[in-house]
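A, B, ... follow the sequence lines: proteins, then strands. Residue 1 opens every chain.
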2 protein chains.
Amino acid sequence: MIKQNLSESQQDYLKIVLDLINEKKVARIKEIATRKDVSMPSATEAMRKLSNEGYIQYSAREFIELTAIGEKTAHRLTSKHSFLKHFFSDVLNINEDAADQEACAVEHHLSDSTLERLILLYQFLNECEKNDARTINLFKECLKAAEGGAQSSVACRNCFIAHNFPHHPGEKTLHTLLANLIRGQDGQIVMLGPDSEIRLSLIEKGLMPGSLFHMEEAGDASSPFVIQTDGCLIELDEEAAKMIEVAIEQPE
Amino acid sequence: MIKQNLSESQQDYLKIVLDLINEKKVARIKEIATRKDVSMPSATEAMRKLSNEGYIQYSAREFIELTAIGEKTAHRLTSKHSFLKHFFSDVLNINEDAADQEACAVEHHLSDSTLERLILLYQFLNECEKNDARTINLFKECLKAAEGGAQSSVACRNCFIAHNFPHHPGEKTLHTLLANLIRGQDGQIVMLGPDSEIRLSLIEKGLMPGSLFHMEEAGDASSPFVIQTDGCLIELDEEAAKMIEVAIEQPE
DNA sequence: TTGCATAATTAGGCAAGCCTAATTAACTTA
DNA sequence: TAAGTTAATTAGGCTTGCCTAATTATGCAA
């Protein structure tokens with residue numbers, strides 16, 4: 001009788017039912033349809049299904065009530081949503097509305113065990129005594145700098161490679177800027193620089209920390225850099241190439 | 001001709017096509033079907049669609065090739081996937097297979113702007129010079145402690161409230177353990193304690209940082225604590241109640 | 001208590017993404 | 001080059017989750 005895995009849509013319905021019962025004592029088809037932004041027949045059908053699967057009690061034209069398992073499930077889903085929203089807005093500093101949307105989009109697909117890890121990360125950043133300086137605040141400073149355009153991100157430029165190169169002297173790899181590589185060298189992206197506009201455009205091109213690439217054509221102020229990743233050629237202007245920290249094999 | 005939003009399924013097909021072309025020079029229906037774990041007719045149909053929408057070049061029984069936009073899109077999706085996998089396994093310390101699965105599940109739903117924030121967080125933890133001690137290593141220590149059962153998490157117990165209470169003297173809220181509240185008090189969960197089994201069971205019940213609750217019935221060693229969140233009653237045994245750090249209003 | 005507005009349901013349809021069974025095309029090899 | 005194998009396609013169907021239009025039930029007001 002009880003199906004283990006509710007579809008995304010069914011999960012949404014279940015959360016809405018819980019919400020409505022909490023807010024207005026009763027959940028009505030009309031309200032459910034409105035909140036889910038679907039027609040009333042769709043809501044009716046969804047209720048019938050949830051009822052068949054044991055999550056709510058419902059017969060045509062009667063009160064909708066959550067069963068014990070329905071309530072438990074709905075509550076778990078709701079909490080997951082709130083935590084994710086919380087994480088997105090508090091930690092990643094995404095504005096409330098976007099955080100909410102994003103939480104909606106992701107919540108159905110994140111396993112409980114990954115959620116646990118995010119919770120641990122959240123707790124670590126906010127509360128862990130090892131972080132006596134409250135790391136989260138440091139990160140927020142960085143975010144603030146990184147959110148503005150090039151001009152406003154002075155504070156964050158200091159994080160960037162050019163100033164303290166090579167970065168990790170003990171290791172076999174050397175860190176430098178993508179713009180410094182010559183044709184034929186291989187590398188891996190380590191970090192994207194402080195300009196938020198350029199950074200987003202790099203991300204949209206699929207360039208981000210971890211990306212492996214091959215320098216196909218070293219450019220300069222007048223001709224673009226061409227790199228290959230994943231079998232695809234990507235062009236970058238000099239400004240962007242100077243905004244990418246990469247790791248390369250130690251030359252000897 | 002070009003549809004802006006590819007469905008999840010279409011995105012997967014596109015990534016598979018790029019992968020195959022990179023690995024084996026050509027992408028064949030049979031291989032595509034195998035990787036996606038669907039029948040060949042399904043793969044054929046998907047190719048027809050992607051072709052109509054301008055992402056690949058394909059006519060029946062001929063070579064499948066990516067168009068410029070198809071390649072760009074596929075590459076972006078692939079990178080997103082790798083970064084997320086990277087983040088899950090490197091930062092959150094989830095094992096490779098699970099990280100891969102999780103990245104698959106989430107990648108379609110995470111917006112580029114949220115991805116950017118995750119990248120910034122990743123960079124901050126790994127590289128930001130403000131974190132001279134490489135915060136990521138601190139976090140990993142915590143994770144390691146938090147991953148074991150109660151017995152192995154001695155190191156992390158120190159993070160937990162009981163030892164350094166009250167936590168944030170300057171603030172209007174007071175931190176304590178859920179087990180210390182009396183019937184009728186309201187609180188908000190701040191942190192889940194070090195025992196990994198209990199922590200997961202709390203998360204499954206929908207209790208996590210940020211959850212607001214009302215103490216319905218204060219328990220003890222022999223009778224359970226009963227709290228209300230989101231209109232739902234939840235029972236906790238004493239051991240669990242002592243593993244939850246909560247914030248309450250300052251008593252005066 | 002009849003009539004009307006609103007809520008809910010039924011009936012019938014559509015798109016996406018999958019399936020199996022049957023057919024056709026393309027290679028391969030004796 | 002004819003036969004057999006394998007790959008790909010077509011045809012027809014299923015499920016989920018949505019829709020509109022039409023119908024039925026409910027509750028309130030004159």
Taking only N/O atoms, report every protein-nucleotides 20-27 of chain C pair under 3.5 Å with atom names and distance.
{"residue": "C:dA25", "atom": "O4'", "partner": "B:R61", "partner atom": "NH1", "Å": "3.4"}

If you check every side-chain atom of [X], which of [options] has the closest atom?
X     : options               : result
B:Y58 : D:dA7, C:dA16, D:dT9  : D:dT9
B:K36 : C:dT9, D:dT10, C:dC18 : C:dC18
A:S9  : D:dA8, D:dC18, C:dA16 : D:dC18
B:S7  : D:dT10, C:dA8, C:dG17 : C:dG17

Practice task
Classify the side-chain pair B:S82/B:S79 by whether it contains a donor and acceptor separated by less than 3.5 Å.
Solution key: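 No, no side-chain donor-acceptor pair sits under 3.5 Å.
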
Problem - Donor-acceptor side-chain pairing of A:Q185 and A:E249 below 3.5 angstrom - result: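 On atom types as modelled, these side chains do not qualify, holding no pair under 3.5 Å.
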
Rounded distance in Å - [atom1] ([X]) to [atom2] ([N]):
X     : N      : atom1 : atom2 : value
A:E8  : D:dT15 : CD    : P     : 21 Å
A:K30 : C:dA5  : NZ    : P     : 15 Å
A:L6  : D:dT16 : CG    : P     : 13 Å
A:M47 : C:dT9  : CE    : P     : 10 Å
A:I32 : D:dG17 : CD1   : C1'   : 16 Å
B:K49 : D:dT9  : NZ    : C1'   : 17 Å
A:E45 : C:dA11 : CD    : P     : 12 Å

Quick one: does [X]'s side chain have a donor or acceptor within less than 3.5 Å of a partner on [Y]'s backbone?
X      : Y      : value
A:Q57  : A:E65  : no
B:H75  : A:K205 : yes
A:R117 : B:F88  : no

Handout entry: Residues that B:A46 engages under side chain to side chain contact (heavy atoms under 4.5 Å, CB included), provided they are two or more places apart
Key =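 Residues passing side chain to side chain contact (heavy atoms under 4.5 Å, CB included) with B:A46: B:Y13.
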
Exercise for the section: Could you list by number each residue of residues 11-29 of chain B showing a heavy-atom separation from DNA chain D of less than 4.0 Å, or answer none if no residue does? Expected result: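 The stretch gives B:R28, B:I29 as the residues lying under 4.0 Å from the strand, ordered by number.
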
Problem - A:F63-A:Y58 aromatic ring centre distance below 6.0 Å - result: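 No; A:Y58 has its ring centre 6.0 Å or more from that of A:F63.
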
Practice task
With B:I189 as reference, evaluate B:L202, B:L207, B:I227 under the side chain to side chain contact (heavy atoms under 4.5 Å, CB included) test and give the passing residue.
Solution key: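 Testing each of B:L202, B:L207, B:I227 against B:I189, the sole residue satisfying side chain to side chain contact (heavy atoms under 4.5 Å, CB included) is B:L207.
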
Practice task
Run through B:K80, B:H81, B:E8, B:Q11 and flag the one making a side-chain hydrogen bond (donor to acceptor under 3.5 Å, both in side chains) with B:H108.
Solution key: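 Testing each of B:K80, B:H81, B:E8, B:Q11 against B:H108, the sole residue satisfying side-chain hydrogen bond (donor to acceptor under 3.5 Å, both in side chains) is B:Q11.
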
Problem - Below 4.0 Å: OP1/OP2 of D:dT9 and any side-chain N or O of B:T44 - result: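 Checking B:T44 against D:dT9: at least one side-chain N or O falls below 4.0 Å of OP1 or OP2.
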
